[in-house]
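One is the number of the first residue; the rest follow in order along the sequence.
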Amino acid sequence: MKAAASLPATQARRPAGVLRQLARLLALLFICTLSLQLYFVGRIALMRWVDPASTSFERSEAWRLLREKGRIDWAQQWVDEDRISPHLKRSVIASEDAGFTQHGGVEWDAIESAWNKNQRAQARAEKLNELASRRASVRGREPPPASAPKVIGGSTITQQLAKNLFLDSERTLVRKGQELVITLTLEALLDKRRILEIYLNHVEWGEGVFGAQAAARHYFRTDAAKLGPGPAARLAVMLPAPKRFEQRPASPYVVSRAATIAARAGAVQLP
């Protein structure tokens with residue numbers, strides 16, 4: 001009788017125990033998430049006075065080069081913002097983020113526009129893949145590998161810096177959410193001049209080529225401070241795909257696009 005009476009009480013205790021375990025896991029998750037955000041806040045606050053030595057993206061690239069080539073071919077040198085040509089600053093803003101000095105780190109309209117374009121590109125890619133599979137089936141062949149649509153980004157300079165400093169290149173909602181939090185923290189703790197200075201000293205301009213000084217030396221055999229409107233615009237054009245444009249830095253597309261950027265750069269207001 002005692003064993004029979006104790007059975008319902010045992011069953012009642014089980015849900016309560018599960019809820020307690022769940023509550024502990026949620027509390028642990030909250031503490032870990034909060035600790036991570038405080039770590040980012042501390043690192044960013046320190047950047048007001050201390051120049052960051054490297055970024056998460058740079059470290060991953062260094063490891064990739066070491067793994068694939070057995071060595072690290074690297075060019076990077078920090079230069080203060082007054083030693084970076086105003087032509088380069090204006091060209092990069094004109095090319096990458098025309099509203100840099102006005103927005104608070106995120107341009108929601110640009111994100112929405114990029115999302116809509118990516119959705120349409122995804123739909124077109126799915127139709128083309130389906131058509132290719134049908135044709136291959138009719139001819140008794142193996143279907144070709146599915147083609148992926150080109151992903152268009154709507155990131156500001158601050159968002160790009162947030163990603164390069166701390167994050168990886170995965171495209172997940174969690175990572176994108178963390179990027180937005182870091183972006184807003186950068187805007188809250190650093191002024192626009194400092195954000196642009198850090199960005200220009202760590203952005204990629206080719207395989208193992210990071211920062212304005214290394215890019216100026218690599219492509220034009222000069223210092224970042226001496227870049228004129230033309231070379232500055234060409235470097236700005238390379239930013240979306242530096243490894244690809246590095247193969248042909250004077251291609252007709254780069255030269256033509258650079259002329260457009262140079263024309264726009266004159267109207268850019270620096271922070």
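- Within the 4.5 Å cutoff, no side-chain heavy atoms of Asp51 are placed close to those of Asn201.
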Could you go step by step and tell me if Phe166 and Arg43 meet the side-chain contact (heavy atoms from CB on, under 4.5 Å) rule? CA-CA 10 Å; Phe166 298 114; Arg43 285 285 304 276; 3.9 Å; yes
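- A donor-acceptor contact shorter than 3.5 Å links the side chain of Asp191 to the backbone of Arg194.
- The main-chain N or O of Ala216 is never found under 3.5 Å from a side-chain atom of Thr222 such that the two would form a donor-acceptor pair.
- Once rounded to the nearest 0.5 Å, the distance linking CD1 of Ile195 with OG1 of Thr158 reads 4.5 Å.
- Atom NZ of Lys163 and atom CG of Leu161 lie 11.0 Å apart (nearest 0.5 Å).
- Residues Ala162 and Thr183 approach most closely at CB-OG1, 3.5 Å, considering heavy atoms.
- The number of heavy atoms from other shown groups lying within 6.0 Å of CG (Leu26) is above 12.
- By the criterion of side-chain heavy atoms lying less than 4.5 angstrom apart, applied directly or through intervening Ile, Leu, Val, Met, Phe, Trp or Tyr residues, Phe100 is not grouped with Val106; the two fall into different hydrophobic clusters.
- Between Ile198 and Leu190, some side-chain heavy-atom pair lies under the 4.5 Å cut-off.
- In this structure, Arg67 places its CZ atom where more than 12 heavy-atom neighbours from other residues, nucleotides or ligands lie under 6.0 Å away.
- Note: the hydrophobic cluster containing Leu88 also contains Leu270 (ILVMFWY, side chain heavy atoms under 4.5 Å, direct or indirect links).
- Between Ile93 and Pro271 there is a side-chain heavy-atom pair separated by less than 4.5 Å.
- Annotation: the span from Asp168 atom CG to Ser56 atom OG amounts to 7.0 Å, rounded to 0.5 Å.
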Steps toward salt bridge (charged side-chain N to carboxylate O under 4.0 Å, His left out) verdict (Glu246, Lys243): CA-CA 5 Å; Glu246 182 183 25; Lys243 291 188 179 71; over 6 Å; no
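- Taking 4.0 Å as the cut-off between side-chain N and carboxylate O, Glu207 and Arg64 count as a salt-bridged pair.
- Looking at Leu186 and Phe40, their side chains never come closer than 4.5 Å, going by heavy atoms from C-beta outward.
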Given the rule in the side-chain contact (heavy atoms from CB on, under 4.5 Å) test, do Thr101 and Lys192 qualify, once you have shown the distances and angles that lead to the verdict? CA-CA 7 Å; Thr101 57; Lys192 293 284 188 178; 5.5 Å; no
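- Between Lys89 and Glu81 there is a salt bridge, with a side-chain nitrogen of the basic residue lying less than 4.0 Å from a carboxylate oxygen of the acidic one.
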Side-chain polar contacts of residues 223-238 - donor-acceptor pairs under 3.5 angstrom, sequence neighbours left out - could you list them?
residue	atom	partner	partner atom	Å
Asp223	OD1	Gln213	NE2	2.9

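- If you chain together hydrophobic residues whose side chains sit under 4.5 Å apart, Leu180 and Tyr39 never meet in one group.
- The number of heavy atoms from other shown groups lying within 6.0 Å of CD (Gln269) does not exceed 12.
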Test side-chain contact (heavy atoms from CB on, under 4.5 Å) on Arg90 and Ser95; report intermediate values, then the result. CA-CA 9 Å; Arg90 290 192 177 95; Ser95 178; over 6 Å; no
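- Residues Trp205 and Gln76 form no side-chain contact, since every pair of their non-hydrogen atoms from C-beta on lies 4.5 Å or further apart.
- Side-chain atoms of His202 never come within 3.5 Å of backbone atoms of Ala53 as a donor-acceptor pair (strictly under, hydrogens ignored).
- Cluster annotation: Leu46 is not connected to Ile182 through the hydrophobic network of ILVMFWY side chains, with a link wherever side-chain heavy atoms come within less than 4.5 Å.
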Which is it for Glu179 and Arg175 under the salt bridge (charged side-chain N to carboxylate O under 4.0 Å, His left out) test, yes or no, and what are the steps along the way? CA-CA 6 Å; Glu179 177 189 303; Arg175 196 207 65 82; 3.0 Å; yes
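- As a member of the Ile/Leu/Val/Met/Phe/Trp/Tyr network built from side-chain separations under 4.5 Å, Leu66 groups with Phe57, Trp63, Leu65, Ile72, Trp74, Phe210.
- Listed for the Gln37 side chain is no donor-acceptor partner under 3.5 Å among the backbone atoms of Leu34.
- Summarising the geometry of Gln160 relative to Ser155, their closest heavy-atom pair is NE2-O, 3.7 Å, with the distance given to 0.1 Å.
- In this structure, the side chain of Ser35 engages the main chain of Ile31 through a donor-acceptor pair within 3.5 Å.
- At a threshold of 4.5 Å between non-hydrogen side-chain atoms, the residues Gln159 and Asp97 do not count as touching.
- One hydrophobic cluster holds both Leu239 and Val254 under the rule that ILVMFWY side chains link at heavy-atom gaps under 4.5 Å.
- Closest of all the heavy-atom pairs between Ala75 and Ala214 is O-CB, 3.2 Å.
- You'll find the side chain of Leu200 stays beyond 4.5 Å of the side chain of Val79, heavy atoms only.
- The shortest non-hydrogen separation linking Ala94 to Arg264 is CB-CB, 4.2 Å.
- Looking at Thr156 and Glu96, their side chains never come closer than 4.5 Å, going by heavy atoms from C-beta outward.
- The nearest pair of heavy atoms linking Gly206 to Glu204 is O-CG, 3.3 Å.
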